[in-house]
Structure formats: structure tokens, C-alpha cells
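Notes follow once the structure below has been shown.
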Amino acid sequence: MDTPLSTVAVVGLGTMGTGIAEVLARAGREVIGIDISEEAARLAVASLEASTARAVERERITAEERRDILARFRTFSDLQAAADADLVIEVVHESYEAKQQVFRALDTIVRPTTVLATGTNALSVTRLAADSAHPERVLGMHFFNPAPAMKLVEIVSSVLTAPQAVEAVTTLARDLGKEPVAVGDRPGFVADGLLFGYLNQAAAMYEAKYASREDIDSAMRLGCGLPMGPLALLDLIGIDTARTVLEAMYAESHDRLHAPAPILKQLSEAGLSGRKSGRGFYTYEAPGSHTVLHDALTPLESAGVTSGLPVRSVGVAGSGTMASGIAEVFAKAGYDVVLAARSQEKADKAKARIAKSLSRSVDKGRMTAEARDETLAKVTPAGSLDAFADVDLAVEAVAEDLEVKQQLFATLDKVCKPGAVLATTTSSLPVVACARATSRPEDVIGMHFFNPAPAMKLVEVVRTVLTSDAVHATVREVCVKIRKHPVDCGDRAGFIVNALLFPYLNNAVKMVEQHYASLDDIDAAMKLGGGYPMGPFQLLDVVGLDVSLAIQKVLHSEFRDPGLAPAPLLEHLVAAGCLGRKTGRGFREYAGR
């Protein structure tokens, strides 16, 4: 199998097949597009014509190059057209019966040396290969949508696949400008294996009415830097497709995290499969449109009928990075801020950290020296919580230890004036436990900022069953004034972001434990295939493995789901003191702390 794979047949000219055909034609391959639907073939040609015309307009290719690309793409309605192909990539719908029918037919048509690739992201490549006359030439070549833009291609081998076939398609992927990642045969492979569990949990979170679809999507975009929220992404992928992938994953893992959320079945069986049908979690202008329309579930701008309390001064308790960052945010927004620590020295150091941060903004041209001085003047360091006597809002950002926080709230209860709002920045502890340490639980709420607070736009607003409407309205109004995006969620472990993020990270660790893929391949797969700004192991080392383990333990304790049990490898690394960048070693080693 030393063929250069110069002629490639693509069977199935839907969105993915059309995209793959475009990538191949642009890379100089002769492309044979095959689809039983003449309309699908016509649309595939029209798509290539339109995309190459745009490329000429943007001066990325010449008119002559465009003519050559179009000439290299021919369409047919019969599989016999693949007879001279060096490689056939099938991307028909996710069904064993449909794919096996294609492979059986190809066995009688193509040469014995022709490589047969399936584009499946959910079905067993081994099962498809075993049913073929030449299983050694069958493998998986999983592109990501949109194929012209996405860099990742997962090359999937079965125990039957010949190394020469793998080498040939891996070389082709690189020639196409893609990043090939070698993976074994299991449902979802690497990227979808991690992605779809996360999407499923987001669907279940929405189904439980824990948070609105808009807040779930905003939380993951703003809190994790993802290009799309999970529910919008499910609509883009296709809810029916997601359900198929999850069913295949659950059949192998029997992990409840992979059992499709009932809402996925309800929507797909109702024909509400997402963008392609015009409606899924959201409602779209038309089938295939990306324009979201307001519907009966769209939050009304006038929904918050309760007015908030006036807030002129803010107290921030703590001396760490988060406390100083939150104080900086409030001061920039014009609030008078009291920054209280356990000693005057610690408070002064925290203010010095703010001064350094503001000076960096001046150096980068983001604010003037005058604005820096005015902002810094609004921050008053104090060595005792007694300085919070007149604040309208007190925000604690101390250690993530329930006993420490409860003691602090008991002190705030005595120090702060009646009517002051008391907020905790906890990311994993029960807000109501802090509230019960006071005589005014109705005034207590969660304001979960994300690190670094000056840069991150998200604040999770966590109200307990005891929080008053006025306090909730106050915090939402304050978030807007400090230029943060508030999302509402209830008082349960992980809130929105951590409840969805950390199981995904934990599952990545389990994938390494099982020797399925390497750290580097998993990180590359999630950055290139999922659009994540960092791979899971990069992120774990940045967050801190001890912090990650603590959050995962809280999630496991609260939801009692065996699938949420911390990965043993994560526990072992923490026990060994390998906590990530801060110790110089986590999943990777670092030159300096």
C-alpha cells in the first residue's frame, strides 16, 4: 500500500462529505464525489463554487487556481465511479447497515490496494472492518466540522488495520494541512469521547431547569473561553447525531454520564434536531440558518421586576490574587472599596498587587496614569473586618474552607450594617452553609468570580432558597455596573461551569490511565477538534491538581454518581505533591514554578 492516494472518492455529499471533498480538491487531489441524491451532488458543487469564489475575492487563490480546483471535483450517483480511487472516504449517515452496505459494494468495485476509510464518530471501525473482504485496509478517518477550517483528523486503527494503510492516510492528512492524531477504536475516539459527555451533562442540567439555556451557554463561553456554549453546539452538531454518539458510548462504558439525557431523545424524535431542522434547544430563522429567533423560552429583558438595593461602597475580604482582583474590578467601576485582610501588612500587600496590575494596564495603553491613580485611591486597605461597618456589599474571597468561611460570615453578621448584602465567592462549597452562620440568611448570596477577575467577564450569581429577591436583584445590577455578565444558578456543587468542566477534565485523566491516548494527543485533539483554548492537561496543571481533585470530590459527594469519582491517577499525583505549574510538576514538568 505505497500509493500516494492521488485519487480519492468521497461517498456521501452532505455537509461533512462536501467539506472533505473541498479540502481534497484544494490540496491537488482528484476527487470523485458520490451520492445517490442528484440534489446533494448539485449542492456540493455549488458549495465548492461559492467557497472558491470567495477565496478569489479575498485574493487567497487566483482565478486559474479556482478553475483547476473545480475541474478536480466530479460528482456521480453510482459507486462504480470509485473503481479507480486510491482511497475511498465514506461519510453516509451513522448507521451500521448503511455503512456496511457501502463497504460490501466497494469490495467488489475497487482495487485490492485501495484504502477504505469511514468518517464515523460513533460506530465501531473494527465491526465495519470485520464485515469487509479486506479488513486490513479499513480504518477510520474522522474529520471535524467544518472540514475546511478544522485542523484535527483522528486516524482510527482497529486490531485488523495494516500499518501501511495508517501511514498512507496519516501522510495524506498532513498533505491536506491537517493535524493527524492516532487513536484506537472506541466510541467517540478522543475528541468526541470527551466532548459528548460534557454536552450530555449540559443537556441534563438544562432539562433539570437548573439554569436557562442562555445562562448555561454564556457560562461556558465566558468562563472557559469556548467558542460556543454546549446547547448551541448540540444544535449545530445535530441533536439526533449527538444521541447516536452517546448511545454508542454508553453501550461500551455503561457510564451514566454517557446515558443520553432524556431531552435529547424527546427533541430528536420530535424532529427538533437543531439548526438543520430549524429548531432544537433554540429556534432558528429557517432550517440550516444560524440566526437565532426569540421564542417562548427567551428571557424577557423586563423579567427582573424587583429593584435592587443601592450600593455605593464595597468591602472585599481576603489578601490573595482573587481578593485583590475583585477589589480592582469594583474600584475601576467607581466604587469605594475597603480591602480587609488578617493584618494591615497583608492588606497593604494586596493593594500593592492592585497597583502593579493597574500599572501594567497603563503600560499597555488600556488606561491613563490619571485613571490608574484615581482607581487606586478608591481602595482602602484595612487589617480588620471592623472596617466593613458602613459597606453596602461585602464580598469574601478567603480560603476555600467551609469552617473558615462560616467564621468569617459570623463576623460579617456582627460588623456589617443591617441591609448590607453579604456575598461569598466560593466555587464549590454550599452558599447556604455560609448563610446559616449569620442571623440574616436572606442577605447572603454567591458571587462566583473567575480568575483573573479583572479579565474574566463571567460571574455566577448563586441564590439559596433563603436569598431575598431584593438581594438577588442587587447583585445582578452590580454585575452589570462592573461590566460582568451575570448568570443565575442554584446552590449546588460546581454551579454551572465547574459542574460541567471538571468531569470533562476527570474523564481526560481516565483516558490516559487506560493508555488510550497520550497527554499530547488528547490536548491537541481538544484544542484542534473542540476549539478549546487549552487542552485538558494544560488546564489541569494551570488550575492546580489539588484544586481540581477537591472540586471533583465535592461533585462526587453531592451527586453520588460513580462516573464522577476522581480518577486514581489524579489522586496519586496530588498525594505525590505534583500539583501542576505551581510546584514545577503535574502532568508535565516545568522549568520553574
Side-chain angles (χ1 to χ4, degrees), residues 311-364 366-367 369-401 403-412 415-416 420-427 429 434 446-459 475 478-479 481-484 542-544 546-547 581-582 593:
V311 175
R312 286 174 288 271
S313 60
V314 178
V316 179
S319 57
T321 304
M322 181 59 82
S324 59
I326 293 170
E328 178 182 333
V329 167
F330 279 106
K332 280 181 177 176
Y335 289 97
D336 291 323
V337 180
V338 178
L339 180 55
R342 284 178 294 178
S343 69
Q344 188 65 46
E345 181 184 7
K346 285 182 177 292
D348 290 337
K349 284 183 178 179
K351 181 172 180 177
R353 190 182 296 117
I354 296 172
K356 188 175 181 179
S357 173
L358 294 173
S359 293
R360 283 197 298 268
S361 295
V362 173
D363 293 341
K364 294 175 181 177
R366 294 174 181 167
M367 71 187 310
E370 183 181 7
R372 173 198 61 198
D373 295 341
E374 289 177 358
T375 299
L376 198 58
K378 289 187 172 295
V379 180
T380 302
S384 167
L385 290 175
D386 291 339
F388 282 9
D390 294 321
V391 302
D392 302 306
L393 167 64
V395 182
E396 71 78 15
V398 299
E400 193 75 346
D401 180 296
E403 186 176 345
V404 170
K405 290 184 186 290
Q406 287 177 319
Q407 289 175 355
L408 186 142
F409 271 87
T411 302
L412 292 177
V415 168
C416 294
V421 176
L422 310 181
T424 172
T425 61
T426 183
S427 62
L429 300 175
C434 296
M447 282 185 80
H448 180 211
F449 287 81
F450 287 75
N451 203 19
M456 299 295 281
K457 293 293 184 185
L458 181 69
V459 174
V475 168
V478 166
C479 285
K481 289 176 183 175
I482 61 176
R483 298 183 179 180
K484 300 298 181 186
V542 168
V543 171
D546 52 340
V547 174
R581 287 190 180 181
K582 59 189 175 186
R593 297 187 183 185

What are the two closest non-hydrogen atoms of [X] and [Y], and how far apart are they?
X	Y	value
Pro454	Val329	CA-CG2, 3.6 Å
Ala331	Val337	N-CG2, 3.7 Å
Ala453	Gly325	CB-C, 3.8 Å
Ala317	Phe388	N-CZ, 3.8 Å
Ala347	Ala382	CB-O, 3.2 Å
Gly318	Ala341	O-CB, 4.3 Å

Next on the checklist: Could you walk me through whether Lys582 and Val547 satisfy the side-chain contact (heavy atoms from CB on, under 4.5 Å) test, starting with their C-alpha distance in whole Å, then the side-chain angles of each, then the deciding distance to 0.1 Å, before giving a yes or no?
Outcome noted: CA-CA 12 Å; Lys582 59 189 175 186; Val547 174; 4.1 Å; yes
Working to the nearest 0.5 angstrom, can you tell me the gap between [X] [atom1] and [Y] [atom2]?
X	Y	atom1	atom2	answer
Leu393	Met447	CG	CE	6.0 Å
Glu328	Ser361	CD	OG	6.0 Å
Ser319	Arg342	OG	CZ	6.0 Å
Cys479	Phe449	SG	CZ	6.0 Å
Glu370	Thr375	CD	OG1	10.5 Å
Lys364	Ser359	NZ	OG	12.0 Å

[X] vs [Y] side-chain heavy atoms within contact, under 4.5 Å:
X	Y	value
Arg353	Leu339	no
Asp386	Val415	yes
Ile354	Leu358	yes
Asp336	Arg312	no
Leu376	Lys351	yes
Ile482	Lys484	yes

Checklist entry - Only one of His448, Lys405, Glu400 forms a side-chain hydrogen bond (donor to acceptor under 3.5 Å, both in side chains) with Thr426, so which one is it? => result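 The option that passes is Glu400.
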Next on the checklist: My understanding is that only one of Leu408, Leu422, Ile326, Thr411 makes a side-chain contact (heavy atoms from CB on, under 4.5 Å) with Glu396; could you say which?
Outcome noted: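 Running side-chain contact (heavy atoms from CB on, under 4.5 Å) over Leu408, Leu422, Ile326, Thr411 with Glu396 returns exactly one hit, Leu408.
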Next on the checklist: Can you pull out every ring-ring contact (aromatic ring centres under 6.0 Å, His included) where at least one residue sits in residues 313-363? Sequence neighbours excluded, please.
Outcome noted: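 For residues 313-363: Phe330-Tyr335.
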Next on the checklist: Looking at Glu374 and Lys378, is there a salt bridge between them, counting it only when a charged N and a carboxylate O are closer than 4.0 Å?
Outcome noted: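 Glu374 and Lys378: not salt-bridged.
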Next on the checklist: I'd like to know whether CG of Asp390 has more than 12 heavy-atom contacts from other residues, nucleotides or ligands below 6.0 angstrom.
Outcome noted: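 Open.
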Item to check | CD (Gln344) with more than 12 external heavy atoms under 6.0 Å | outcome: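 Yes - once you tally the heavy atoms of other residues, nucleotides and ligands closer than 6.0 Å, there are more than 12.
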Checklist entry - Between Val421 and Val475, is a side-chain contact (heavy atoms from CB on, under 4.5 Å) present by the stated rule, with each step listed? => result CA-CA 8 Å; Val421 176; Val475 168; 4.1 Å; yes
